[in-house]
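Quick notes on the structure that follows.
In what follows, every chain begins at residue 1, and chains take the letters A, B, ... in the order their sequences are listed.
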Number of protein chains: 2
Amino acid sequence: MTYDPHAYPPFAVTVDLALFTIRDGQLSVLLIERDEDPFEGAWALPGGFVRPEEDLHDAASRELAEETGLARFPGHLEQLRSYGTPGRDPRMRVVSVAHVAFAPNLPEPVAGTDARRARWWTVDDLHLPHLEVARAQGRRERRVQGLQLAFDHTRILAVAVDRVAAKLEYTPLATAFCPAEFTLGELQHVYEAVWGVPLADRANFRRKVLRAPGFVRPVDGDPHRLTGGLGRPAQLYRGSDAAELNPPIKRPPGARAVRQDGPMRPKAATRA
Amino acid sequence: MTYDPHAYPPFAVTVDLALFTIRDGQLSVLLIERDEDPFEGAWALPGGFVRPEEDLHDAASRELAEETGLARFPGHLEQLRSYGTPGRDPRMRVVSVAHVAFAPNLPEPVAGTDARRARWWTVDDLHLPHLEVARAQGRRERRVQGLQLAFDHTRILAVAVDRVAAKLEYTPLATAFCPAEFTLGELQHVYEAVWGVPLADRANFRRKVLRAPGFVRPVDGDPHRLTGGLGRPAQLYRGSDAAELNPPIKRPPGARAVRQDGPMRPKAATRA
DNA sequence: CCAAAAGTGTTCTCAGTACACCCATGT
DNA sequence: ACATGGGTGTACTGAGAACACTTTTGG
């Protein structure tokens, strides 16, 4: 473990961010269009170099603030995994520590100095080649199917989507997609958007959420509705402080991202 | 994302390894006693620098081979998470990509060039201060309670133990702790060693294992016993190729490492 | 014959599901 | 009045837990 800079030339260390939110009932991720040399013009996950005196988590948090334009990021941020295959960045040896973040609906993103623009993409629009094609969409965007992202970001994003879907099963982090106060109906919409399937039975969903200790806490006072929608006014809830969801809320068959490879396994661990 | 070496001085990148096995029915981890400057004399996770043209996984795999003395590591290896807090290594800025490995019983470890010696520690002996104290143990070792490891390795190891315990619930990786052919009794011992609790009912464990598709595959031929023990000879099984365990085999209450913080969460994600 | 470990069968209970139904609001 | 979403009650079903029992070896 001796450090010889000649034998072991240094690495650049970056953080990459898969920032998810839910817009119009669709799980969406923030991408930037690169304005610089490698993969110029391609879409990529936002990210940047870790500063000399900065923790990894702080670097991700800073990038998050820069991209969203908010002083303090209102959501959940966690490390995903690191990617350091030689050649993944043609310029130099880079190890990227990928992070995943969940946020409630945010203002339009801010394009950084290294990006032409930044926008939300629905996950469905990105890498599902056989998707219902001609859905009348308001904006006129390039009709892509299986958009190729810069670097190894397609792979990172696939793992990130899987992580988000899994987190909703075993943690109360679905509330991180909601505003401070929310109804159980809104919470159910979060699950449906992330998993990409409807949840079959409202009543049972409600009971599972309320049974799990520390998942949500009702807001006392008149159960009134801020979201001016139809129907009976709903009780409002706040997220609580539990770390796990017990019992978990399992995704139904057919839900998104039950991909087999998961967080990258070696070929096939055989043994003597 | 411009690279300016003056603004962003380089990092050293290492891999650290939490290699687990089961010895005498105890979950054990391989540690080395450091023989060099920072934390000289302290116990630490094995690890080393990533080479210039080496993938992260390959670096971990190489370290694994060096420590065990085996040309090809017979077990499971996966990335855990990265640690890069400034100051975690007093010499320089280091980002360490921690890995977790499971192996069947291995030969005595090999002390590397930077280590005085290497040996297996039972996880119970390491960081459980209130443990049954004077258990007559064969070897006469320093009676430690809460051994302080070098760097931030105590934290890494805690997360690693949690990962191992969780993996046994949702994946068939318990077989990675077993030799190529094993009995269901031996497989149950793996679960009990890792979780630190007995499994209450053999019959139900057996049924869970056999019901999960792709967990184990019986070895055809006479059900004979290689392990010369007491009792009726057992059917031998081999591990199979499933990625997940469905349905999972959940750890009973009281099992090891149901630590709340998990893979490091930010303070308390509040939102606007 | 007894101990020890493997293997099978059966009952009970509780969580998850499906489905029916009522409630309170906007239009 | 009716559409829309919120909320409650209840019967059914299947998986897991508990436990009793048989089988096959070594001593």
request  = Encode nucleotides 18-27 of chain D as B, S and - characters from 5' to 3', where the letter depends on protein heavy atoms closer than 4.0 Å: B to the base, S only to sugar-phosphate, - to neither.
outcome  = BB---BBB--
message = Which label fits B/H76 and B/F102: parallel for a plane angle under 30°, tilted from 30 to 60°, or perpendicular past 60°?
response = tilted
Least distance between heavy atoms, A/W195 atom then A/A165 atom = NE1-O, 3.0 Å
ask   = Between A/V190 and A/C178, what is the shortest heavy-atom contact and its length?
value = CG2-SG, 3.7 Å
query = If you pin B/P248 and A/L210 to their nearest nucleotides in DNA chain D, which one's is more 5'?
reply = A/L210
Candidate pair A/E169 and A/R256, rule salt bridge (Lys or Arg N to Asp or Glu O under 4.0 Å), full reasoning = CA-CA 12 Å; A/E169 290 189 308; A/R256 193 201 306 280; over 6 Å; no
message = Nearest to the side chain of A/K208, heavy atoms from C-beta on, is which of C/dT17, D/dG6, D/dA15?
response = C/dT17
query = Roughly how far, to the nearest 0.5 Å, is OG1 of B/T171 from CG of B/N246?
reply = 12.0 Å
message = Tell me if a side-chain donor or acceptor on B/R23 pairs with a main-chain N or O of B/S28 at a distance below 3.5 Å.
response = no
request  = Rounded to the nearest angstrom, tell me the gap between atom CG in A/L236 and atom P in D/dG6.
outcome  = 11 Å
key: Touch class at under 4.0 angstrom, heavy-atom based, for A/R206 against every strand present   = base
remark   = Applying the Watson-Crick and G-U criteria (both distances under 3.5 angstrom) with [ ] for crossing and | for other-strand pairs, one obtains for DNA chain C |||||||||||||||||||||||||||
